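One structure is given below, encoded as structure tokens.
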Amino acid sequence: MCGICAGFGNGNQIMNVIRGLKELEYRGYDSCGLAFINSKKNDNLEIVKCVGGINSLEEKVKENFSSEIVIGHTRWATHGKVCEENAHPQLSFDGNYAIVHNGIVENFEELKNSIDVPFLSQTDTEVFVSLIAKENGSTFEKLRKACQKVVGAYSLALLENKSKKIYLAKKGSPLWVAVNENEVMAGSDISVFSNKFKNAFCLNDGEFAEISLKNVIFFDKNGKKIEKKCIPIENDGFSYDYSSSDSFMLKEIKEQPLAIRKTYLNLCVSQNNFDIKNFKKFKSFHFIACGTAYHSCLMACRFLQKFCNKPCEASVASEFRYAENVLSKNCLYVFVSQSGETADTIASAKLVKDAGLSIMCVTNVPYCTLNSLADFVLPTFAGKEIAVASTKAYTAQIFSLLIFALKLAGLNINSILKNFSLNFDCEFDVEKFCELVLQSDKVFFMGRGQDCITSLEGALKLKEIAYLNCLGIPAGELKHGTLALIDENSLVIAISTQEKTKKKIESNILEVQARGGKIVLISNIEHNINVAQKISLPCFEEFLMPIVSIVPLQLLAFSVCQKLGFNPDKPRNLAKSVTVE
Ligand code: AGP
């Protein structure tokens, strides 16, 4: 789960690749590095690596090095602990080749035993590059032969000592390359290209590319030259100013009203080529995703059942892909993913496609692997989300899926949606709420129906960035186990946005209080009950409330994280895009 970037061109490419790597940090940020050809030192292959983010790497290389041929990497550890030895680029045993790799070599143990050479790291990638060095033929032939032996996924860039070429190979993990009159760049996604490139090529599985000055040649898996069509790239809204010291997470929480407005304008006003007639034939819906996106799927099920009376199901992608699924052509399989690059979601989508069935993808990144598989794409309009914890992408997913359900049901409630898009805001004071959480030993989130889903998402946010061991549960499940944990050191956050379950959640609150637990109530409903704190939500139609009620929970996670001194944008052991299984 890593990002790779390469630059080849006139002028110093080191800062170019560093800038590209900053765009890719969402894919992992525990260590990073560069390999480059040093023309001032006999075209020697040099490597600079460090533990930490790209800023540390930038400090290390600043003004000290210059090169026109550079490959770089930002890592999320899969094989081997976080240390400089395991950071990429990895060198072959003979020191002739450096590689940066995104993916996993599943048969690395077997390959390692087949080549009798010393290894300095614990990575599968070092095995890959040494395997390449062991093969016979030209560098390209060595690479091609090694790729045939590797089981697993890779996008990689390979650099040879004293050479004037970079080689790329792709299987499973994404890889793009773009050319202009001065330089060639390659990377794990199009954000590395900045505004300097108007078009880009997307490598398909099994393809290779050879980069030289201002030129790229593509090859198929047999090593035969191929022509590829380039795709115009729009960078609008997909490039960030990294110099700002503000946290991306807080910025993105506050951007939610804008994301909702953009979604309303694109899906309800300009219609965006999305023809709802295509979906009338489906008798049921199955939503599949991971993490926060899975919570959007749970919400989507409620919308389609409520407005369209269609049977719906939601599955976690890592479960779906290995389940004994009974697939049906009357069902639309919907894959929800902010990044469109989540490995389990992609594998699940491929499984359904291979069965000859239709799939729709709901994604926030226009040029992503998931969209390339989709029969239908429902875009979300959150703009680029940098912070690892998903906030604006989540609410944009819910709003897009709600609009989808309303359109499918033939309900025209544009005025309600318009009113919401104009009046939804994200201003909540969570200072006291934050203190209550910090004073408690145990934190629980509970709700019923749509509020249960918000509870799950609220708990995930607090776990992800503040590292608190908390739990989200359906409030009705309280007395089926969790009540045993409630005592005077417990805080229970109750969400209540539905009249239908008002009395039920009140009973659950009393059950908690009877055992000494404190309650924070988040609600837009009149509850005649004493609690440690009430956070009042503005009133919108009930089906819009999940977009509102999650906001104080996002702000809570952010505040607790800051109070505990953690970085909200880069939580430990997480990556924005989980591109390996
Ligand atoms: C959300 O805060 C997390 N970063 C994580 O749960 C995420 O939603 C999940 O990994 C799915 O990612 P995707 O939406 O890019 O597929």
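Just so it is clear, the structure is predicted and the values come from calculations on it, not from any experiment. We count ligands from 1, going down the list as the structure has it; atoms in each ligand are counted the same way.
Residues meeting the side-chain contact (heavy atoms from CB on, under 4.5 Å) test with S318, sequence neighbours left out: V316, D344.
With respect to K392 and E255, a salt bridge is recorded, a charged nitrogen being found less than 4.0 Å from a carboxylate O. Using a 4.0 Å cut-off between charged nitrogen and carboxylate oxygen, E25 and K570 count as a salt-bridge pair. Salt bridge status for R19 with E23: absent, with no side-chain N to carboxylate O gap under 4.0 Å. One finds no salt bridge joining D30 and R572 here, because no Lys/Arg side-chain nitrogen approaches an Asp/Glu carboxylate oxygen to under 4.0 Å.
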Step-by-step side chain to side chain contact (heavy atoms under 4.5 Å, CB included) determination, L537 to M545: CA-CA 9 Å; L537 301 173; M545 289 311 292; 3.8 Å; yes
Present, as a list of atom pairs with distances to 0.1 Å, all nitrogen or oxygen contacts under 3.5 Å between ligand 1 and the protein.
unit_1   : atom_1 : unit_2 : atom_2 : d
ligand 1 : 2 (O)  : T292   : OG1    : 3.3
ligand 1 : 2 (O)  : S390   : N      : 2.7
ligand 1 : 2 (O)  : K461   : NZ     : 3.0
ligand 1 : 2 (O)  : E464   : OE1    : 2.8
ligand 1 : 2 (O)  : E464   : OE2    : 2.8
ligand 1 : 4 (N)  : V388   : O      : 2.8
ligand 1 : 4 (N)  : E464   : OE2    : 3.3
ligand 1 : 6 (O)  : T292   : N      : 3.1
ligand 1 : 8 (O)  : T292   : N      : 3.2
ligand 1 : 12 (O) : T342   : OG1    : 3.4
ligand 1 : 14 (O) : Q338   : N      : 2.7
ligand 1 : 15 (O) : S337   : OG     : 3.4
ligand 1 : 15 (O) : S339   : N      : 2.9
ligand 1 : 15 (O) : S339   : OG     : 2.6
ligand 1 : 15 (O) : T342   : OG1    : 3.4
ligand 1 : 16 (O) : S337   : OG     : 2.6
ligand 1 : 16 (O) : T342   : OG1    : 2.5

